[in-house]
Every structure is written in C-alpha cells, then in structure tokens.
Amino acid sequence: MTNPGPAPVAVRHLAIPPMDATMRTRFAPAPSGELHVGNVRTALFSWALARRHGGTFLLRVEDTDRSRVTDEAYAAALEILQWIGIDWDEGPGIGGPHAPYRQSERLAIYAEAADRLRVAGAAYPCYCTAAELAERREQARAANRPPGYDGRCRRLTADERAAFEAEGRTSVLRFWMPDGTTTWNDLVRGEITIDHANVPDFAITRSDGHPLYLLAAAVDDIAMGLTHIVRGEDLVTATPRQLALYAALGHPQDHWPAFAHLPLIIGADKAPLSKRHGEVSLAWYRSQGFLPEALANYLALLGWSPGGDREFFGEDVLLAEFDVRRVSSNPARFDIKKLEALNGDWIRSLTVEDLSSRIAPVLNDAGFTDVDLAMLLAAAPLIQIRMNRLTEAPELLHFLFIDDGAFAIEEAAATKGLGEGSEAVLRAASERLHALAEWTVELIEPAVWGIGELLGLNRKRTATPLRVAITGRMVSPPLFESMELLGRERTLRRIDRAAGIGG
RNA sequence: GUCCCCAUCGUCUAGCGGUCCAGGACAUCGCCCUUUCAAGGCGACGGCGCGGGUUCGAAUCCCGUUGGGGGCACCA
C-alpha cells in the first residue's frame, strides 16, 4: 500500500495572538561561532517585545549540529547576551517548565516526533545520497528549474527500500510538503503568501537520526508555548514548512505563534554582513571599547525607531516603547561611524565614577597594571569628552600612568614641538613653577601664560613645548589640568629633562 | 533561473493622502569657541529610483519597471 501523500492545503494563518502578559517569545541561537550583530539585534527585539508587554522571554540553544557547535561558543553566547543586558525568564542557567533548553539535551523528544511523522505518512525515508542530490540540483539549475528536492523517494515500495538498504545506503527522514499555499500575517511585513510549488520536501532528520533545524524548532516552539516568533528574514521561506510541521504534529491552528521577520543587517556595499566588512561579532565590539548601552542603542536603531527625532535612548525607552509592527522591512546597513558617535554620546553621559570603573580594565589590558584609582577618577573628566571608545583612554592617559623611567618624548613631537625657542620656555617654566606656593591649576596657568608674555610668545607657542615635555605628545588632555594631576615633582622633572634635550 | 521580500539625503531614519518646495542623526565641508585634540554652537552640501495610474491633492494608495536582499542543504 503506497502512501497517497498529504491532502492539498490552503493554510491561512492570519490571527495574531494577544500582545499582553501571556506572550512568550524566544531567541534561539546556534552557537557555532561568536554571536554577530545581526543575531544580537534579533535577540534584542524579541526580548524587548516580551518585556514591553510583560510577557515571558526564553532562550533556547539550537545546538543539534554537533559538528558546528562548541561549548566555548555556547558559553560565549550566553555571556555576550548578558553583557548587552538581555536577560531571560526561561533557559540555560535558569531552567523553567520546559527544561532542558539546549536542544542537544532534547534529542529523544525530536526522535519521538520524527517517528510519529513517519508512521503517519507525513514524512518518508529518502535514500538519495548527498552526491546525487547535488548533481540533480546542478541539473535543475542548468535547466532553469527550481533546484529543490524532486520528491523522488516519496512512494518507495518496501522492496525498493530494502534494495537501497542492501546497497548500504542510509536514509534521512524527509517531510512531505503538501500541495497548496500558505498565507500568514507577518508582524513586520504584513500578509505573505507562498505557493508550495516553491517549497520542496525537506529533511527533518539526518541519516544518523539527528534532528534537523526545522523539526527541532517546530517541536520546541509547540512544546514551549511560543506565541510570537521574531527571527531573521532569511527564514521567511521556512515559514510554510514550519506551519506544515505544526499541522502534521497536531498543533491546533489557534495556538500557532505569529511570525515577525526582521530585515537583515548588511554591509556598506549592500552585501550580507560578513568579515569582509570588518568585524561582525559582538565580542569584538566589546573588545574595541564600545559600551553595551551604545551597542544596544545602535542595534535597536537598525530597523526600529521610537519615532520622531529620538536617537539617543536606553533600554528604558526600548522596553517601554518597542513595537514590532513599527520595524522597518528593508535591510539596514551597519555603519560603525554612527555607532562610534553614539558610543561617544554614551561615554559622555556616564558619571565619572562609572566611566572610571569602565576605563580601569582597559588601562590594565593596555599594560598599566597598577593604576591609582583616585588618580583615574581625577583624570576621567579630562578625557570623557575626548573619547568615542574606551580603548582610546590608554593613549590619552599614557603620560600620567607610565613609569617615569619609561617615559619618553615621541620623536615626531620632539621635532615639531621642541623647536627653536622652546628651551627658553622650558627653563623659565621650571623656575617659576618650582616657586609656586601651591600646585593647582589656578596658580599654574597664570604662571605659564606669564612666561609667554615675558618671552613675547603667543599661547600656542608657549604651551606646545610644555605639552610635549610633559606628555611626550603633540596632542594631550588640557595642559594645566594634566600638570596638576601629574604633580609638581614629575612635571618639573620632565620639563628639566626636555630643556636639556630641546632648544 | 524561480519564489518571497524591500525601495526617502552617501548611511540610519522621521513621515503613515493635504500642516513636506520632505525633518533629525552620522559622515563630509565651512565658520565660531580655543594652549593641542576633542566636545559644543552655528551653517552648508545632499534624498522621496523610474514610468504609469487613483485622487481636488501622493514621499504616502495601486500597477508596471529597474535596482537590491533573502530562500530553493543530511546549516541554522
């Protein structure tokens, strides 16, 4: 008795579950590498959607492909999500009513589902080899036919199966896609209809029995009671398959989740974001001195806007106002310049205490291992308006935290800044500053300007030799504040030393 | 190739039929401030891809076209 195959369908999934506290959304990363900006934006939106309405957000790890997933990537993914401020109500580390939340620990559940589909005739064993499939794909492409699976193994008889197995062939379980159409009401794109003629049968298990993405995701979305699925645009054509699986698995249509397909983030040349466009992993941005607040702010802006002119906003605004139906449906280009500008705004919005605590580890990484925290606290305001990235701090504060023994004037700065006439400035400064009653900006500044007047030099020509002598650079934080921070001893020592070199 | 989706300054976007000869931000370029560099202030440059409709009226609605993106895996 051969399988007649599924009856034709005309799926119309237009209902949107209520956007209220009963909502359940998820982020389902496959930790095969570092989470990139696109993944994280999807997570951010899915999280914001649930939080906005007081619903539940869960994290599910799609790690069924053991050849691609590593424990390091898994741990890193969790960690980076936490870093940017995303928390989950159910998932790894927390548990929940549908635990476990790692698909690699739920294999038996998928195996049972796959078996049910096979017994019901909704899926069939397919004995085509990878090489055969690839070849037929090529032929189809060459003949301008759709390259998808051609349904060849749909109605194999028991004898034919036995023959294939005798040949030593292995089989995957392939889902028999019913003829017809699927229409759904996409939260960001509106009504989308796809003809199943363009949706070939697809594998739901590997030949080793391992579940594949579509199966595992469908089974879990049902089991975990998801109501709204936020994912990337790359999955829109997977939706008819997802819905067909729901139906075949017996999930009542009035419980199906709504879908929101986010536009992809692309590079400056409109090509998909990849390494070619610079780094894409979120961890890289963290290592480059970007604040989690700024990243979240920028990522939220890629495709969503709170409306009006507001662009600088935090988690509070996102969580209070995020509306998935306001998400733009066209691909957004990732612009690191804008991220940097936003990062600078965020740096400027921090208290000095907060800023200092974030700078400290960066200084440490740069080799300044025993930074005086009081000194850092005093220096932070000087550099706060001068940085767009935390990683700029070591360069800016180099003169202050470097060991005196290691301090050196950059060659270019010496050439440009310690030219003719500078020795006179340095010697006079040494003398006058030595005599100062108190080492404060209030006294240092007039003393230095007085030297300029005495020597007939403008402020720039007065300040530059001192700046170079003290900071070793042509560019530095404000001179007098820097001198005050450095202290009288160190300042005078550097001036005297430069006076010997310069002139 | 085919199916699906998309289309406002270089970029991200506001705009959801009249209040738009299109607003903001980033970038770029000037000017101001100024001891360097920034930050800040002011200003400039710059856009509704194209063609048809619908309408008294379109950036906003419809059709076509062009361009772009995505899918068509024993990846997810």
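Predicted, not measured: the structure shown is a model, and the values here were computed from it. Chain naming here is simple, since letters A, B, ... match the order of the sequence lines and numbering starts at 1 in each.
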For this session: Check every strand shown and say whether F312(A) touches a base, only sugar-phosphate, or nothing at a heavy-atom separation below 4.0 Å.
Result: nothing
Exercise. How is S67(A) classified with respect to the nucleic acid when contacts are heavy atoms under 4.0 Å: base, sugar-phosphate, or nothing?
Worked result: nothing
For this session: Look at all strands and tell whether E233(A) reaches a base, only sugar-phosphate, or nothing, counting heavy atoms closer than 4.0 Å.
Result: base
For this session: Could you work out the separation of U11(B) and G69(B) based on their P atoms and round it to a whole Å?
Result: 14 Å
Exercise. Given that P478(A) and S329(A) both sit by RNA chain B, which one's nearest nucleotide is further toward the 5' end?
Worked result: S329(A)
Please list, for nucleotides 23-25 of chain B, all pairs of protein and nucleotide N/O atoms separated by less than 3.5 Å.
unit_1, atom_1, unit_2, atom_2, d
G24(B), O4', D309(A), OD1, 3.4
G24(B), N2, E311(A), OE2, 2.5
A25(B), O4', E311(A), OE1, 3.0
A25(B), O2', E311(A), OE1, 2.9
A25(B), O2', K338(A), NZ, 3.4
A25(B), N3, K338(A), NZ, 2.9

Exercise. Using 30° and 60° as the class limits, which term best fits the ring planes of F45(A) and F322(A): parallel, tilted or perpendicular?
Worked result: tilted
Exercise. Any side-chain N or O of N39(A) less than 4.0 Å from the OP1 or OP2 oxygen of A76(B)?
Worked result: no
Seminar exercise, completed: Only residue of D63(A), T64(A), D220(A) satisfying side-chain hydrogen bond (donor to acceptor under 3.5 Å, both in side chains) with Q103(A) is D220(A)
Problem set entry | Among C75(B), C37(B), A27(B), the one nearest K337(A) by side-chain distance | A27(B)
For this session: Compare side-chain N and O positions of R333(A) against OP1 and OP2 of C12(B) and report whether any pair is under 4.0 Å apart.
Result: yes
For this session: Look at all strands and tell whether T462(A) reaches a base, only sugar-phosphate, or nothing, counting heavy atoms closer than 4.0 Å.
Result: nothing
Problem set entry | Per-nucleotide protein contact string for nucleotides 41-49 of chain B, where B marks a base within reach and S marks sugar-phosphate only (heavy atoms under 4.0 Å, - for neither) | ---------
For this session: Could you please name the option among C6(B), A76(B), A39(B) that lies closest to any side-chain atom of L235(A)?
Result: A76(B)
Exercise. Who does C72(B) pair with, Watson-Crick or G-U, both distances under 3.5 Å?
Worked result: G1(B)
For this session: Tell me the partner of C50(B), counting only Watson-Crick (N1-N3 plus N6-O4 or O6-N4) or G-U wobble (N1-O2 and O6-N3) with both under 3.5 Å; none if nothing fits.
Result: G64(B)
Exercise. Do we see a donor-acceptor contact under 3.5 Å between the side chains of R473(A) and H398(A)?
Worked result: yes
For this session: Assign L479(A) to base, sugar-phosphate, or nothing according to its heavy-atom contacts below 4.0 angstrom with the strands shown.
Result: base
Exercise. Which atom pair, heavy atoms only, marks the closest approach of H196(A) to P178(A)?
Worked result: ND1-O, 2.7 Å
Exercise. Below 6.0 angstrom between ring centroids: does that apply to W346(A) and F290(A)?
Worked result: no
For this session: Determine the interatomic distance between P on C4(B) and the same-named atom on G41(B); round to the nearest Å.
Result: 49 Å
Seminar exercise, completed: Separation of A76(B) atom P from H36(A) atom NE2, nearest Å, is 15 Å
Exercise. Among A14(B), C26(B), C5(B), which nucleotide sits nearest the side chain of R189(A)?
Worked result: C5(B)
Problem set entry | Any strand: nucleotide that pairs with C16(B) via Watson-Crick or wobble, under 3.5 Å | none
Problem set entry | is_close_aromatic(F202(A), Y149(A)), centroid dist under 6.0 Å | no
For this session: For U34(B) and C42(B), measure between their C1' atoms and round to the nearest Å.
Result: 16 Å
Show me, pair by pair, the donor-acceptor contacts under 3.5 angstrom made by side chains of residues 298-309 of chain A, not counting sequence neighbours?
unit_1, atom_1, unit_2, atom_2, d
Y298(A), OH, D335(A), N, 2.7
Y298(A), OH, D335(A), O, 3.4
S305(A), OG, G307(A), N, 2.9

For this session: May I ask you to say what P263(A) touches in the nucleic acid, namely base, sugar-phosphate or nothing, with a heavy-atom cut-off under 4.0 Å?
Result: nothing
Exercise. Can a cation-pi geometry be assigned to R102(A) and Y74(A), taking NZ or CZ under 6.0 Å from the six-membered ring centre and within 45° of the ring axis?
Worked result: yes
For this session: Give T64(A) one of three labels, base, sugar-phosphate or nothing, depending on what nucleic acid heavy atoms sit under 4.0 Å from its own.
Result: sugar-phosphate
Seminar exercise, completed: N330(A) has its side chain closest, among A76(B), A7(B), U35(B), to A7(B)
For this session: Tell me which residues in residues 380-392 of chain A put a heavy atom below 4.0 Å from RNA chain B, sorted by number, or none.
Result: I385(A), R386(A)
Seminar exercise, completed: Atom CG of L264(A) and atom P of C5(B) are separated, to the nearest Å, by 16 Å
Exercise. So which nucleotide from G10(B), G70(B), C4(B) ends up closest to the side chain of I194(A)?
Worked result: C4(B)
Exercise. With a 4.5 Å limit on heavy-atom distance, are the side chains of D234(A) and L264(A) in contact?
Worked result: yes
For this session: Tell me, with the steps shown, if Y101(A) and F27(A) meet ring pair (Phe, Tyr, Trp, His ring centres under 6.0 Å).
Result: CA-CA 11 Å; Y101(A) 291 88; F27(A) 176 55; over 10 Å; no
Might you list the N or O atoms of the protein lying below 3.5 Å from N or O atoms in nucleotides 72-74 of chain B, with each pair's distance?
unit_1, atom_1, unit_2, atom_2, d
C72(B), O2', G148(A), N, 3.2
A73(B), OP2, P147(A), O, 3.4
C74(B), OP2, R174(A), NH2, 3.4
C74(B), O2, S207(A), N, 3.0
C74(B), O2, S207(A), OG, 3.2
C74(B), N3, S207(A), OG, 3.2

Seminar exercise, completed: OH (Y285(A)) and CZ (R389(A)) are apart, to the nearest 0.5 Å, by 9.0 Å
Problem set entry | Cation-aromatic face contact R118(A)/Y124(A), 6.0 Å, 45 degrees | no
Problem set entry | Distance test, side-chain N/O of R467(A) to OP1/OP2 of U36(B), below 4.0 Å | no
Exercise. Mind checking the C1' distance from C16(B) to G23(B)? Whole angstroms is fine.
Worked result: 15 Å
Exercise. Between W184(A) and R12(A), is there a cation-pi geometry (under 6.0 Å to ring centre, at most 45° from the normal)?
Worked result: no
List every contact pair, protein side and nucleotides 60-63 of chain B side both N or O, where the distance is under 3.5 Å.
none

Problem set entry | N330(A) side-chain N/O to P263(A) backbone N/O, donor-acceptor pair under 3.5 Å | no
Exercise. If the C1' atom of C12(B) is compared with that of A7(B), how far apart are they to the nearest Å?
Worked result: 15 Å
Exercise. What interatomic distance, in whole Å, is found between P of G53(B) and the corresponding atom of A59(B)?
Worked result: 15 Å
For this session: Using a heavy-atom cut-off of under 4.0 Å over every strand shown, decide if R326(A) touches base, sugar-phosphate, or nothing.
Result: sugar-phosphate
For this session: Could you give the distance separating C6(B) and A25(B) at their C1' atoms, to the nearest angstrom?
Result: 23 Å
Exercise. Looking only at atom types and distance, does a side-chain atom of E293(A) sit under 3.5 Å from a main-chain N or O of F313(A), one as donor and one as acceptor?
Worked result: no
For this session: Could you pull out the closest heavy-atom pair between V188(A) and A260(A), with the gap in Å?
Result: CG1-CB, 3.8 Å
Problem set entry | S476(A) and R467(A): side chain donor to acceptor below 3.5 Å | yes
Exercise. Taking all atoms of both residues into account, what is the closest heavy-atom pair of Q384(A) and V352(A), and its distance?
Worked result: OE1-CG1, 4.1 Å
For this session: Looking at every strand, decide which applies to G417(A) at a 4.0 Å heavy-atom threshold: base, sugar-phosphate, or nothing.
Result: nothing
Problem set entry | Integer angstrom distance from the P of G46(B) to that of G10(B) | 10 Å
Exercise. Between the side chain of R136(A) and the main-chain N/O of D150(A), is any donor-acceptor distance below 3.5 Å?
Worked result: no
